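In what follows, chains are A, B, ... by sequence order, proteins preceding strands, each numbered from 1. Predicted, not measured: the structure shown is a model, and the values here were computed from it. Quick note: numbers below take in every heavy atom, side chains included, and nothing from hydrogens, waters or symmetry partners.
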Number of protein chains: 2
Amino acid sequence: MKLNERHLMQLAAVLDAGGVSEGAAMLGLTQPAVSRSLAMLEARVGEPLFLKGRRPMQATPLGAQLAAQGRTIITASRKASDAVQGFLKGTKGIVRVGGVPFFMDAMISRMIGEFQNLEPEVTIQQSYLNLPEMVGALQGDQIDLGIVPIGVLDLGPGFEFTEILPGRNIVACRPDHPLLRNRRLRAHDLTSFPWVAPLPGSPLMSDLQMILMSIGMSDLNIRYSGGSLMSVINFLAETDALAVLPFSVVFAQRKENRVTVLPYEIPQPNRSLGILRRVGAPRSPAAERFAGHVTTAFENLKHIIKRHENAVVWGR
Amino acid sequence: MKLNERHLMQLAAVLDAGGVSEGAAMLGLTQPAVSRSLAMLEARVGEPLFLKGRRPMQATPLGAQLAAQGRTIITASRKASDAVQGFLKGTKGIVRVGGVPFFMDAMISRMIGEFQNLEPEVTIQQSYLNLPEMVGALQGDQIDLGIVPIGVLDLGPGFEFTEILPGRNIVACRPDHPLLRNRRLRAHDLTSFPWVAPLPGSPLMSDLQMILMSIGMSDLNIRYSGGSLMSVINFLAETDALAVLPFSVVFAQRKENRVTVLPYEIPQPNRSLGILRRVGAPRSPAAERFAGHVTTAFENLKHIIKRHENAVVWGR
DNA sequence: CAGCTTCATAGCAAAATGCTATACAAGCCG
DNA sequence: CGGCTTGTATAGCATTTTGCTATGAAGCTG
């Protein structure tokens, strides 16, 4: 006994509205159309669905049961329409962001918070990925966009990259680190303190190698590795250890005053933080909106950084 | 953005089945039909719903959202079909029974229990009604059937009545009542004990009047009134009070041995317990099934009563 | 590269949907 | 009680949708 879903919806509307004409109006149909639908439904079922001669119209128990299903169909249909509307406007849906751990923790998570204040109906699914996995995730459509530092030339075909912040690394330490008292730092000053190693696979790892080479050492005194940003900062704040970190990550922590920049020039990677997307991916307005938000947030951040640098001498 | 519910269902089926052909088969359609539906849906939405070139087929986030609604539509539709099926077979649905309080408590409630063991998917809504309200409730389609003692001629037009048990009242008392020791009871024996009045509006009320007239007294020593059957029985069991009760009601309590029949002949009302229905009412197979169950249950009861009467001398 | 599987498209017939116009029924009022 | 109002059912017709078969196109596999 397969019933026509449209008929069920019309049944529900008619009972909710109290009459055929009203129910038809509620659905944007004419009264005869609905009248016939009901007759067909009743014929199909073979049982009366209405109590005759009642205003407002009332259902038999069976009619009421069917109307209940009709109502859920109506609401499901309406939800589907809403989902599309919201999707098109970018005010609804899911954004799946992958990002390198430190940036996600230091900056993106805050921006996600801001974004959700603007678009409370958008859900953000965050995942921690470094470049290789991110490429796979984008191709496999597991994420909508990635936030990753990338060399300008590393971009494979089929991907687009929008830069949001030039890469710039610094050596971080706690604010009362003994090296900050030195007028002029030498390479061997750095090697006499323990170091924190970045997460394996992260771009900072290769940066650290570059620094090693520039200092002319083959290895550092690695005392801590594998920690997330919060762990690293906690570790740095408690010890005299040093770490290579993106400047912006340290900058984002300035209010907490737990880590600062050691004024020592290190070689800079030819990399930029940016948003990585697959060109063929099904577009998601919510994701684009989020990407826009992140971009402007970093744009603002650049200005703040500039003002800050003019006012503050780091490491003092 | 109104979407076609049928399309949503097909989308859900295709994603659940993992392919267009499989989804079409699941719905009993051909592959091209579903293929076109999906194309139409996608065109209407204006966004891709599938990730191209994947086996099994995978949805974009938006597609997944729409499919979720499609699934709820499918299940709603299936529930509606089930409701009809169950209704036609009488194995599903709601039966709304009205009945006079004492019969409902003493007998019908047990039968409802038995019936539910047979038809666990039928819901019974019981309400306590005496004849006048019952007529109103039947006409207003608040109940499907009423169980009520009724004079054969009291039947109004538009109602049908199927007798299930001839009316027979007795005087009830507790098993160790002093009157049970009397060889031969006289009318004035009865008046020397307190009485329990039936619920106002119940047919027993007029029966009590008849008894009064036959005894030749104008009133009795009414000491308790307004109680439900359980209250009345509790009261009778604790006191030497007497009450007019239908024989079958007392019979149904025989196992508990808290009340018994006082062997005193009283005038019998020209009434029968039966099932009252409105002729024009929308038929409800579940209700009919229930009515049948009650009828046969009483049929069995008659035999048990007959056997019991041959074996037992009441009030001994 | 042939063969298999699966999705997309074309073309056509049948069903359904929706509309306007109109008939029918019930309740209300002078 | 006859007409008026309100509301539902039916008729007739045009349009859209749906479903089918047949066939083309694309991707995977041995």
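Of the candidates D/dT8, C/dG18, C/dT20, C/dG18 carries the atom nearest the A/Leu29 side chain, counting heavy atoms from C-beta on. With distances taken from any side-chain atom of B/Ser21 to the nucleotides D/dC20, D/dA9, C/dC7, the minimum falls on C/dC7.
The distance between atom CD of A/Gln31 and atom P of C/dA25, rounded to the nearest whole Å, is 15 Å. Atom CE of A/Met57 and atom P of C/dG27 are 13 Å apart (whole Å). Across the protein-nucleic acid pair, A/Leu38 atom CG and C/dT17 atom P stand 12 Å apart, rounded to whole Å. Spacing between atom CG of A/Leu41 and atom P of D/dT8 amounts to 17 Å, rounded to whole angstrom units. Going from atom CE of B/Met40 over to atom P of D/dT18 covers 6 Å, rounded to whole Å. In this structure, B/Arg36 places its CZ atom 8 Å from P of D/dT18, rounding to the nearest Å.
Side-chain contact, B/Glu5 with A/Ser77: a donor N or O sits under 3.5 Å from an acceptor N or O. With no hydrogens or angles considered, a side-chain donor-acceptor pair links B/Ser37 and B/Gln10 at under 3.5 Å.
Atom-to-atom distance recorded for A/Leu29:CG and A/Arg6:CZ is 9.0 Å, nearest 0.5 angstrom.
In this structure, A/Arg96 and A/Asp141 have side chains that are in contact, with non-hydrogen atoms separated by less than 4.5 Å. Residues B/Lys92 and B/Phe87 are not in side-chain contact: their nearest non-hydrogen atoms beyond the backbone lie 4.5 Å or more apart.
Of the residues in residues 2-14 of chain A, A/Asn4, A/His7, A/Gln10 come within less than 4.0 Å of DNA chain C through at least one heavy atom, sorted by number.
When each of A/Ser37 and A/Pro32 is assigned the nucleotide of DNA chain C with its nearest heavy atom, A/Ser37 is the one assigned upstream, toward the 5' end.
Listed pair B/Thr30 / D/dG19 fails the phosphate criterion, with no side-chain N or O lying under 4.0 Å from OP1 or OP2.
The backbone N or O of A/Val122 sits less than 3.5 Å from a side-chain atom of A/Gln116, completing a donor-acceptor pair. When atom types are taken as modelled, the side chain of A/Ser202 and the backbone of A/Pro198 share no donor-acceptor pair closer than 3.5 angstrom. In this structure, B/Arg271 contributes its side chain and B/Pro203 its backbone to a donor-acceptor pair below 3.5 Å. With hydrogens and angles disregarded, no donor-acceptor distance shorter than 3.5 Å links the side chain of A/Ser81 to the backbone of B/Lys2.
If one axis is set at each end of the helix from C/dC1-D/dG30 to C/dG30-D/dC1 from five pairs, those axes are 20° apart, to 10°.
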